[in-house]
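This one's a predicted model, so the numbers in the text were calculated from it and none came from an experiment.
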Amino acid sequence: MNSSQFRRVALLTMPFTQAPGPFFRLTHFAEPPLGLASLAGSLRKWNPDTAVDIIDAHALLMNRRQLLDRIKAYDPDLVGLTTVSLTAGVTTSLAREIKSVCPNAKIVAGGPHPTALPDDLLEEVDAVALGEGEQTFSDVVSGKAWPDIEGLAFRENGRVRFNAPRPFLKDLDELGFPAYDLLPLRSYRYPYPMKKARGNYATYFSSRGCPSKCTFCAQMSVWGHRVRFHSVERVIEDLQRLIDEFHVSLVHFYDDTLLFHRNRVFEMCEEMIRRKWPLRWICLARGMDIDDEVAEIAARAGCGFIEVGVDTANEGIIQTVKKDSTVDEVRRAFRAASKHGIHVKGNFIIGLPGETPESVREAIDFATTLDATYVNFFHFVPIPGSDLYDEYHQKGWMKATDWGKYHFHHSAVVELPGISTAELNEAMQRALRAFYLRPKTWWRFVRVFFESLDIRTFALGVLAIINEVVVRPHRDLASPKAASTPVVT
């Protein structure tokens, strides 16, 4: 299909805001788009003659006109778009507009949504990179014929053609160093105050994949179930570059579960301690992977915050969704982390199969008894690529078909036999109020404030809580439609 090398590549995030409300511009906490940075870094390594730029419209709060003007000025011959299901509608409409300002440019989409449902975007984009995208996108850029590129789907003669799947990269160390220099690092910040040195905030993958098989998760469609690791030497080298070249003082490990490989965790932490870095870090973890020894060495190595996927406290739901952390393991994990001064956030999901008002009460009671600094309750959204996506659609439990409503924070998009959509919405607000509108939680916040002295993040966090717990429920009641509609700038 294509036979010439692309010379100018633009990689884009969507001009999209997820949290409408009176404070949304103040509480817009953008995360560095690590997938695009990795893509750009690998292009630099494998396609050194190609110029590449990243336009993070989401972080910069660009509107469509500003983004299109920026694209037109750069004049790329290849545009890469990354999207999740929530932004799929924005992506398709933006692709049409990009064609109008750059009619000769090819557009390739990637990310979780096009990997799971490539047909959904191929009406507007030229091709979709399925799954892990660095090698596939590099082949496109190099000018390799599209029918010969593994992991690519494209439209040919009016039909969608799927090439052979691309095997997962065996050695992650082959990837290029992420192109952090193409990101507006000053525009990113973590939404929770932490004691740290002055500097920038970055995200980083030290591994890909998760050993768990939770039926509500779609990560396996991109990374697979087998966990693949960067070598510890590569991780330490990359972190040293982030500190030295990009003045990073806070790193968020985006691994699905950083603490899974115990020996590797100890090796990494021991080297961090030896180097005496002015670096604090955050990670995601399963409850079963955190105990006293892990928490102790992680804290000494700079870990200040762990997010734990609690999801539910109901034993029946735990078994149904194939979670591998028990309630007792989660409680132990929170206790161990808190003991060593690590702040912990518990993430709960409301609306999993088997949910009832009683199981919601179990989750709320469990959340308020954990040693948690923060909790978050998310509405369950059956994401394409997850085991539960087809089940919810087949059983008629999905009550929204607009991708813009596939939002974890706003109104529920499902209705279950044991609990209605209205009850799920009420349960979400009741859960947030039960945790955040109590003296114990605010006393913890005061301690966090004096520990971190991060006045700006603390103040913006309070506004975010007010928006989520106080303002938004009244807006939702007044306008249920608005509650589910994200802002497209």
Side-chain angles (χ1 to χ4, degrees), residues 11 13 29-46 52-56 58-60 82 134 169 171-208 228-259 261 264-285 297-307 342-343 452 454 457:
L11 304 175
T13 65
F29 293 94
E31 294 278 307
L34 185 56
L36 294 186
S38 178
L39 207 63
S42 294
L43 284 181
R44 284 174 165 176
K45 180 178 180 179
W46 298 330
V52 59
D53 192 19
I54 296 175
I55 306 174
D56 192 351
H58 174 65
L60 297 174
T82 182
E134 286 90 354
L169 190 66
D171 183 3
L172 295 186
D173 286 359
E174 293 181 17
L175 295 168
F177 179 72
Y180 293 102
D181 59 299
L182 299 180
L183 300 178
L185 286 178
R186 293 292 184 185
S187 298
Y188 308 115
R189 61 184 187 273
Y190 192 62
Y192 300 99
M194 285 180 57
K195 183 180 180 180
K196 60 181 178 64
R198 293 177 64 87
N200 291 322
Y201 169 56
T203 49
Y204 182 78
F205 270 124
S206 84
S207 67
R208 290 179 174 179
R228 294 163 295 137
F229 301 95
H230 274 301
S231 66
V232 172
E233 293 77 15
R234 169 64 185 268
V235 172
I236 297 299
E237 176 186 326
D238 286 353
L239 294 178
Q240 189 71 65
R241 286 190 66 178
L242 283 173
I243 295 169
D244 295 342
E245 298 178 27
F246 299 97
H247 311 293
V248 168
S249 62
L250 182 62
V251 169
H252 190 169
F253 285 95
Y254 261 25
D255 306 45
D256 286 321
T257 173
L258 179 72
L259 308 181
H261 195 305
R264 182 172 181 270
V265 169
F266 275 80
E267 186 180 353
M268 286 172 50
C269 288
E270 286 166 358
E271 184 60 22
M272 291 179 186
I273 293 167
R274 188 188 72 79
R275 296 194 178 214
K276 298 180 180 179
W277 280 337
L279 183 72
R280 298 281 278 173
W281 50 274
I282 304 141
C283 70
L284 312 176
I297 195 168
R300 286 199 292 122
C303 179
F305 201 103
I306 299 177
E307 294 194 28
I342 299 173
H343 295 290
S452 67
D454 187 349
T457 304

Take F177 and E237 through the side-chain contact (heavy atoms from CB on, under 4.5 Å) test and state the conclusion after the steps.
-> CA-CA 10 Å; F177 179 72; E237 176 186 326; over 6 Å; no
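- Atom CG in N200 sits 10.0 Å away from atom CZ in F246 (nearest 0.5 Å).
- Using modelled atom types, one finds a donor on one side chain and an acceptor on the other under 3.5 Å when comparing D56 with Y188.
- The distance from the CG atom of D244 to the CG atom of L239 is 11.0 Å, given to the nearest 0.5 Å.
- Residues meeting the side chain to side chain contact (heavy atoms under 4.5 Å, CB included) test with E245, sequence neighbours left out: R241.
- Classification of R274 and E271 as a salt-bridged pair holds, one side-chain N sitting under 4.0 Å from a carboxylate O.
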Going through the checks in order, is the side-chain contact (heavy atoms from CB on, under 4.5 Å) test met by T82 and L11?
-> CA-CA 8 Å; T82 182; L11 304 175; over 6 Å; no
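- The CG atom of L284 lies 11.0 Å from the CZ atom of F253; values are rounded to the nearest 0.5 Å.
- Under the rule for a side chain to side chain contact (heavy atoms under 4.5 Å, CB included), the partners of L169 that lie at least two apart in sequence or sit in another chain are E132, Q135, L172, E174, L175, R228.
- The aromatic rings of Y190 and H252 sit perpendicular to each other, their planes meeting at more than 60°, with 30° as the lower class boundary.
- In this structure, the ring of H261 has its center less than 6.0 angstrom from the ring center of F229.
- A donor-acceptor pair under 3.5 Å is absent between the side-chain atoms of S38 and the main chain of L34, judged by distance alone.
- Interatomic distance, CD1 of I243 versus CG of L279, reported as 4.5 Å (0.5 Å rounding).
- Interatomic distance, CG of D171 versus NE2 of H230, reported as 9.0 Å (0.5 Å rounding).
- Once rounded to the nearest 0.5 Å, the distance linking SG of C283 with CZ of F305 reads 10.5 Å.
- For the pairing with S207, the side chain to side chain contact (heavy atoms under 4.5 Å, CB included) check across D255, L258, D256, T257 returns one residue only, D255.
- Put simply, the side chain of S42 never gets that close to the backbone of E134: no donor and acceptor are under 3.5 Å apart.
- The backbone N or O of A301 lies less than 3.5 Å from a partner atom in the side chain of W281, making a donor-acceptor pair.
- Between P32 and A202, the shortest heavy-atom distance links the atoms CG-CA, 4.1 Å.
- For E31, there are no salt bridge (Lys or Arg N to Asp or Glu O under 4.0 Å) partners at least two apart in sequence or on another chain.
- Using a 4.5 Å heavy-atom cutoff, the side chains of W277 and L242 are not in contact.
- Taking both residues in full, the closest heavy atoms of I342 and C303 are given as CG1-O, 3.6 Å, listed atom of the first, atom of the second, then distance.
- K45 and D173 make their closest contact through NZ-O, 4.0 Å (heavy atoms, listed as atom of the first residue, atom of the second, distance).
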Passes side-chain contact (heavy atoms from CB on, under 4.5 Å), L259 versus I306? Steps please.
-> CA-CA 10 Å; L259 308 181; I306 299 177; 4.3 Å; yes
Trace of the salt bridge (charged side-chain N to carboxylate O under 4.0 Å, His left out) decision for R264 with E267 = CA-CA 5 Å; R264 182 172 181 270; E267 186 180 353; over 6 Å; no
Run the side-chain contact (heavy atoms from CB on, under 4.5 Å) check on M194 and Y201 step by step: do they pass?
-> CA-CA 12 Å; M194 285 180 57; Y201 169 56; over 6 Å; no
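- Nearest heavy-atom pair across A40 and I54 is CB-CD1, 4.0 Å.
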